[in-house]
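Beneath this line is the structure, given in structure tokens, with notes to follow.
So you know, we letter chains A, B, ... as the sequences are listed, proteins then strands, and number each from 1. From a predicted model like this one, the values you see are computed outputs, not experimental measurements.
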Amino acid sequence: MPELPEVETVRRGLAPVMEGARFTRVELNRPDLRLPLPKDFVQRLEGETVTGLGRRAKYLLADLSSGDVLMMHLGMSGSFRVAQEAYEQVREETPGAYYHERSTARAHDHVVFHMSSGARITFNDPRRFGLMLLVPRAELNEHRLMKEVGPEPLGNAFAADMLARACAHKKTSLKAALSDQKVVAGLGNIYVCEALHRALLSPKRSAATLATRSGQPTPRAEKLVTAIKDVLHDAIRAGGSSLRDHRRTDGELGDFQHNFRVYDREGKPCPTRGCRGKIKRIVQGGRSTFFCPVCQR
DNA sequence: AGTGGGACCTGTCCGC
DNA sequence: TGCGGACAGGTCCCAC
């Protein structure tokens, strides 16, 4: 599911119920996701307060009062839902009383956080490509999953010269280079296709053509950086994209899928003004690429 | 060292 | 209706 705009949308949904709140109880319904969960996962969370909820690349990062960081990744199919559990709070305060559980657990609800804010936060992930890890804050940047991650595309540091340098000696396509988290963090299949279309660049073009022989950015590197920033901003503003069952934490759908120009639009007319092309689907690196062979060069 | 391909999972959809 | 195959928003590991 989730690329940078979706993860950022999730972060914004979780922050109000997590930041400043304490984990009162943590339920683990299986021992592993993509990786084994730490054996002391529950003990290291319960009683801790979330001091801040951030994002790096496609990772959500919850800073804890203990000094640990809870790293969370949604993989392909992970999602968080927030519900209020006022009844359960009342039940804790008045032992012996009986209250109905308000929610029904769904299949693949692997982790449940009960927060002192009264929120119940449920992580659901059918394919289990997601992960949760606990890492001491001081070690986060050197963690094997983090240390190679490239620049944040919405940060000021991400600019044409940086992108050109990262691509200058690559033998791969633009599609593969932009999908590589070491080159730029947070893009995935959808937003790579969308950014390349906005920049009118072919996904098949050699990534090295973003730089001159001396490694300087070409005008197409400038255009591409602008396109990446624009499409990510637009998507975040729309609450991300909702394909299949992907939802925001409040259960509402994101809207950006209605603004796709090429993704999953094989055979449709190219939306570029004045272009008479039709969107084509090809396979690169085993994944679908959508693009207009007429205006994307 | 960089690159492509397969592997990891489950669910859904489409054609027969 | 059932069944097999293709495909899905990610990324890791392993051969070349």
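For A:Arg287 against C:dG10, a side-chain-to-base donor-acceptor contact under 3.5 Å is present. Taking only distance into account, the side chain of A:Arg127 meets the base of C:dA8 through a donor-acceptor pair shorter than 3.5 Å.
A tilted orientation is assigned to the rings of A:Phe80 and A:Phe123, their planes being inclined by 30° to 60°.
Residue order along DNA chain C, read from the 5' end via each residue's closest nucleotide, puts A:Val283 first among A:Ser179 and A:Val283. Comparing A:Gly286 and A:Arg128 by the nucleotide of DNA chain B whose heavy atom lies nearest to each, the residue mapping closer to the 5' end is A:Gly286. Taking for each of A:Ala107 and A:His169 the nucleotide of DNA chain B with the nearest heavy atom, the 5'-most of the two is the partner of A:His169.
Between A:Asp125 atom CG and B:dG11 atom C1' there is a gap of 12 Å when expressed in whole angstrom units. Whole-Å rounding puts the A:Arg34 CZ to C:dC13 P distance at 8 Å. B:dG4 atom C1' lies 11 Å from atom NZ of A:Lys171, rounded to whole Å. Atom pair A:Lys182:NZ and B:dG2:C1' shows a separation of 9 Å (rounding to whole Å applied). If you take CZ of A:Arg55 and P of C:dG10, they are 14 Å apart, rounded to a whole angstrom. Remark: C1' of B:dG6 and CD of A:Gln284 are 18 Å apart, rounded to the nearest angstrom. For the pair A:Leu243 CG and B:dG11 C1', the computed distance is 14 Å after rounding to whole Å. The distance from atom CG of A:Leu35 to atom P of B:dA7 is 19 Å, rounded to the nearest whole Å.
Neither side chain, A:Ser77 nor A:His108, offers a donor N or O lying under 3.5 Å from an acceptor on the other.
Checking C:dC7, B:dT3, B:dG11 against every side-chain atom of A:Thr172, the shortest atom distance belongs to B:dT3. Nearest to the side chain of A:His108, among B:dC8, C:dC13, B:dT10, sits B:dT10. Side-chain proximity of A:Lys58 to the nucleotides B:dT10, C:dC7, C:dT11 is greatest for C:dT11.
No continuous path of hydrophobic side-chain contacts links A:Leu210 to A:Leu200 [ILVMFWY only; heavy atoms under 4.5 Å].
A:Gly188 comes within 4.0 angstrom of sugar-phosphate atoms only, judged by non-hydrogen atoms across all strands, and of no base. Across all strands, A:Phe260 comes closer than 4.0 Å to no nucleic acid atom at all (heavy-atom distances). Across all strands shown, A:Ser288 has heavy atoms under 4.0 Å from sugar-phosphate atoms exclusively, and none from any base.
You'll find the side chain of A:Leu178 stays beyond 4.5 Å of the side chain of A:Tyr191, heavy atoms only. No side-chain heavy atom of A:Asp68 sits less than 4.5 Å from a side-chain heavy atom of A:Leu45.
Across B:dC9 and C:dC14, the matching P atoms stand 15 Å from one another, rounded to whole Å.
When all heavy atoms are compared, the tightest approach of A:Glu3 to A:Gly188 is OE1-N, 2.7 Å.
B:dC9 is unpaired under the Watson-Crick or G-U wobble criterion, no partner having all donor-acceptor distances under 3.5 Å.
Contact annotation: A:His73 side-chain N/O to C:dG10 OP1/OP2 distance is not under 4.0 Å. The shortest distance between the side-chain N/O atoms of A:Gln181 and the OP1/OP2 oxygens of C:dG10 is not below 4.0 Å.
For the pair A:Phe129 and B:dC8, the ring geometry qualifies as stacking, because the centroid separation is below 5.5 Å while the planes lie within an angle under 30°.
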